[in-house]
Amino acid sequence: MSINCAAVDRLIDSMSFTQKVGQLNQRLLGWKSVERNAAGRLVASDELKQEIDRWGGLGTLYGLLRADPWSGQHWGNGIRPEERTEAIAVVQQTVLERGAHGIGVLLSEEAPHGHQALGGTVLPTNLGLGATFDPQGVQETEAAVAAELAASGIHIALVSGLDIARDPRWGRCEECFGEDPLMAARMCEAIVTGMQGEHRSKVGHGGVAVVLKHLAAQGEAVGGRNGQSAVLGPHDLHEIHLPPVAAGVRAGALGFMAAYNDIDSVPCCANPWLLKDYLRDQLGFDGIVMADGLAVDRLEDMAGSIPAAGRAALLAGVDVSLWDEGFTRLEEYADDEQVVAAVDTALRRVLELKAMFGLLPEDGADTAAIAMPSADAIAQATADGREQAKRMAREAITLINDGQSAATLDDIRSVIADAQAGPVIVAGPFADDFGCFLGDYTAPLPADEQSSVYRQLVARLGEDRVLLAAKPSDAPADQWARASTVVFVCGSTSERSYDSEFDDNGAAKAVTEYGATCGEGVDLSDIRLPWRQDDMLGEVAALTTAPIVSVAVCGRAHVLTDVLERSAVTIWAGYAGQYGPQAVADVLVDGADMSGRLPVTLPAYPAAIPVRYNDRQSAAHVYKDAAEPILRGFGYGAGSLAAVTFSEMHADTQSHPGEVLVQVTAHADDHGAAGAVNLFAHVSGGRRIPSLAMLVDSVYMDLNAGERRDIAFHVPCDRLRDVGDGQVQVTCTLDGDSTHTVTATLPGEY
């Protein structure tokens, strides 16, 4: 929908200062805006009515459909998929009836890996999606999620993607696409294009506005502590943390969320350089900036008071608040010319966004004519999202160890397929667990949609063939002796229970002994597998001579050294979403390929961290008690393109000005293959210490059996960083394989 600028001007002129401030507030928790009457029908709550009356309208409403332990909403009391139309209609009609200007409310929802609502699709978390190295697949998947949101009457999707996983102690690593800025940038572009369409073409037409989070450098927090200071210089800020931001702007993102952390002492939500000079003036961003939940109020110590905190955030460039009190106190600055001007600027952005969704009254109308959700469209979009979730779960599965003992994965598959072989024992704390695959920010799924690795194997092999032993003592010694294969499901979980304690922003405050070990608020000082799982695996190995397949379900780069040593095969599954158990069974029983690659570096020791592939100095042989601190490197995937060989690799610096063209030929064997082929570069000859390596291009391929294909990597020279004057040497390597390396010399000025 086109924006009628004159109509927006008239609306702004007609509003009181209080009404203007009200349009910038997102204070009310959406699930508290409706309640059920005696007949069980949804009606507007007094809290919603009071909020509308206070401001003469409502700007943005957060989480109307959200369901999870923090909100307290579940299948017994939350808004079910078939009730979405009723809930949206109640809220919008109440806002139109009680508001002063006939303006509808923007509805924002969490969608970091699918819509966090009852019945919403649960994708792999970003770390799992990052393992696919498949931006096109992510784009198609996010388009399906956006279709579900739009069909449900939602306008804004809050989507993680900007954060870079720099320290595995940080509980929110699962929300990152990995440790590489180029891949994160491509994934953010995929999110925006998928959800908003090319050039925002789907916004208001089957798509939603994306608010990318978190801006910026949250993954750099000291010690992996959530929301803490990011201590880094401007060069690393631009090289590591801002590429996804720039990519999001290029793709047309309509929103960014300012992060909790500070950068060199300046809080992100009160950082005029970040939110104005860089984001708007340098990149040309024209959408809204939203604060993270209660982040404005956290400025109180800096600003001196809650009202001053609201003023500081507003003047720094925040347009829309989230749950805080600071923006509600902007009324106290009605005589402050700076605040008045900033309120009008932010209001214009909010109203222009509302116009895109038809939330403003047309000329001559008293109220907006708001389209209501379609049950059929919701059902179709949800079904499409489920198919995409299955696909991405399969792509996320990563083989990180094969044939550690005499048995290979192919050997194990043959044994599993042999009905006359001994039992398959599924062991480990997550053997029969579903929630471990889901990650944080997930709504509960109905019981009939839940599964586990154990249940998937039973469904395919039969109850008589598959035994469950969450603990070694759960199976008798004779069964361990007879076992043909052991599948050990280990890792971590972000699942919260409904009796968990939470901080006021929804982060985990306290978890039970066997509760969440990952996710927001669960930063860890020890990144070994929790609950002594290494010891448990050792007990299992002592009980059987059968080959062990370990499935690591992880939301961070846990230390898996013991797992690899004791397992014939190790599969890394990230948090693969609701179809994660099926994807694992597809690999073990159906022989599905594993195209995934590690999106993070796996450390070999718990204290030799952080280690990143793009560090400037190697950590090898630095620690005298941990000579080789890296267990598996970024991009490692023994199953990805395993059936493909490469040849004829060469570099061309002449044909395409401003870029290095690297070409290589791929040959698939008689099985065919799919996966990403990555090009890494090392630059020398400049005035900075170069990174050990940097990902400069990645191409996702799907090759048919016997197919031969030429691949071209286009590496812009400006991606080779600031190398100073004179000539520089660029060494390009294919997925860390020293047998496929080319070297090119470039002038320093390009």
Side-chain angles (χ1 to χ4, degrees), residues 24 26 60 62 108 110-112 126 156-166 170 172-173 175-177 181 184-189 191-192 195-196 209-221 226-232 234 236-296 298-299 312-324 327 346 349 353 505 520:
L24 310 185
Q26 188 178 200
T60 308
Y62 168 91
S108 71
E110 296 283 5
N126 281 355
I156 297 175
L158 309 180
V159 191
S160 303
L162 301 180
D163 299 319
I164 306 295
R166 297 282 289 170
W170 187 38
R172 302 188 80 170
C173 285
E175 297 182 45
C176 307
F177 286 113
R186 291 187 173 180
M187 293 300 195
C188 281
E189 184 177 8
I191 290 169
V192 174
M195 287 193 152
Q196 295 186 174
V210 174
V211 172
L212 286 174
K213 56 183 186 175
H214 306 85
L215 179 64
Q218 188 171 224
E220 198 75 41
N226 191 44
Q228 300 299 306
S229 300
V231 182
L232 74 170
D236 282 0
L237 176 64
H238 281 82
E239 289 293 331
I240 298 169
H241 298 282
L242 295 183
V245 181
V249 174
R250 288 194 302 270
L254 281 162
F256 285 89
M257 178 178 285
Y260 287 123
N261 61 284
D262 65 84
I263 300 175
D264 199 19
S265 81
V266 182
C268 290
C269 65
N271 190 330
W273 174 83
L274 180 67
L275 304 182
K276 298 169 83 171
D277 298 349
Y278 173 72
L279 186 62
R280 294 196 184 278
D281 296 344
Q282 185 173 332
L283 297 184
F285 175 64
D286 61 352
I288 63 167
V289 171
M290 184 184 295
D292 207 339
L294 297 172
V296 171
R298 293 186 181 187
L299 302 176
L314 175 75
L315 296 184
V318 172
D319 302 304
V320 177
S321 68
L322 185 58
W323 316 329
D324 58 74
F327 258 44
R349 294 172 185 144
L353 184 57
N505 68 341
E520 186 174 6

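Keep in mind the model is a prediction, meaning the values are calculated, not measured.
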*asked:* Run His241 and Arg166 through side chain to side chain contact (heavy atoms under 4.5 Å, CB included) and show every step you take.
replied: CA-CA 10 Å; His241 298 282; Arg166 297 282 289 170; 3.9 Å; yes
_Verdict with supporting geometry, Leu162 and His214, side chain to side chain contact (heavy atoms under 4.5 Å, CB included)_ = CA-CA 6 Å; Leu162 301 180; His214 306 85; 5.7 Å; no
*asked:* Is there a side chain to side chain contact (heavy atoms under 4.5 Å, CB included) between Tyr260 and Arg298? Walk through the geometry before answering.
replied: CA-CA 8 Å; Tyr260 287 123; Arg298 293 186 181 187; 3.4 Å; yes
*Given side chain to side chain contact (heavy atoms under 4.5 Å, CB included), test Leu353 with Ile156 step by step and report yes or no.*
CA-CA 10 Å; Leu353 184 57; Ile156 297 175; 4.0 Å; yes
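Rounded to the nearest 0.5 angstrom, Gln26 CD and Asp324 CG are separated by 9.5 Å. Between the CZ atom in Arg349 and the CG atom in Leu24 there is a gap of 10.5 Å [rounded to 0.5 Å]. Asp163 contributes atom CG, which lies 7.0 Å from atom CD of Glu175 (distance to the nearest 0.5 angstrom). Atom OG in Ser229 sits 11.5 Å away from atom CD in Glu220 (nearest 0.5 Å). Residue Arg186 holds its CZ atom at 15.0 Å from CD1 of Ile191, rounded to the nearest 0.5 Å. With rounding to the nearest 0.5 angstrom, the CG atom of Leu215 is 6.5 Å from the SG atom of Cys268.
Applying the salt bridge (charged side-chain N to carboxylate O under 4.0 Å, His left out) test to residues at least two apart or on different chains, none of the pairs has a partner in residues 251-276.
Listed by chain and residue number, nothing satisfies the salt bridge (charged side-chain N to carboxylate O under 4.0 Å, His left out) test with Asp292 (two or more places apart in sequence, or in another chain). By the salt bridge (charged side-chain N to carboxylate O under 4.0 Å, His left out) test, Asp277 pairs with no residue at all, sequence neighbours left out. The salt bridge (charged side-chain N to carboxylate O under 4.0 Å, His left out) check on Arg250 picks up nothing, with sequence neighbours excluded. With sequence neighbours excluded, the residues forming a ring-ring contact (aromatic ring centres under 6.0 Å, His included) with Tyr278 are His238, Trp273, listed by chain and number. Remark: Asp286 pairs with Arg200 by the side chain to side chain contact (heavy atoms under 4.5 Å, CB included) rule, at least two apart or across chains.
Residues Gly248 and Leu212 approach most closely at CA-CD1, 3.8 Å, considering heavy atoms. Contact detail for Tyr62 and Leu158: the closest heavy-atom pair is CE1-CD1, 3.6 Å. Minimum interatomic distance between Phe327 and Ala313 (heavy atoms only, all atoms of both residues): CE1-CB, 4.1 Å. The two atoms that bring Arg172 and Asn226 nearest to each other are CD-OD1, 3.4 Å, heavy atoms only. Nearest heavy atom pair, residue Pro181 against residue Pro244, reads O-CG, 4.1 Å. When all heavy atoms of Ala316 and Leu275 are compared, the pair lying nearest together is O-CB, 3.4 Å.
Counting heavy atoms from C-beta outward, Asn126 and Pro112 have side chains that stay 4.5 Å or more apart. Here the side chains of Phe256 and Val249 are in contact, with some heavy-atom distance below 4.5 Å.
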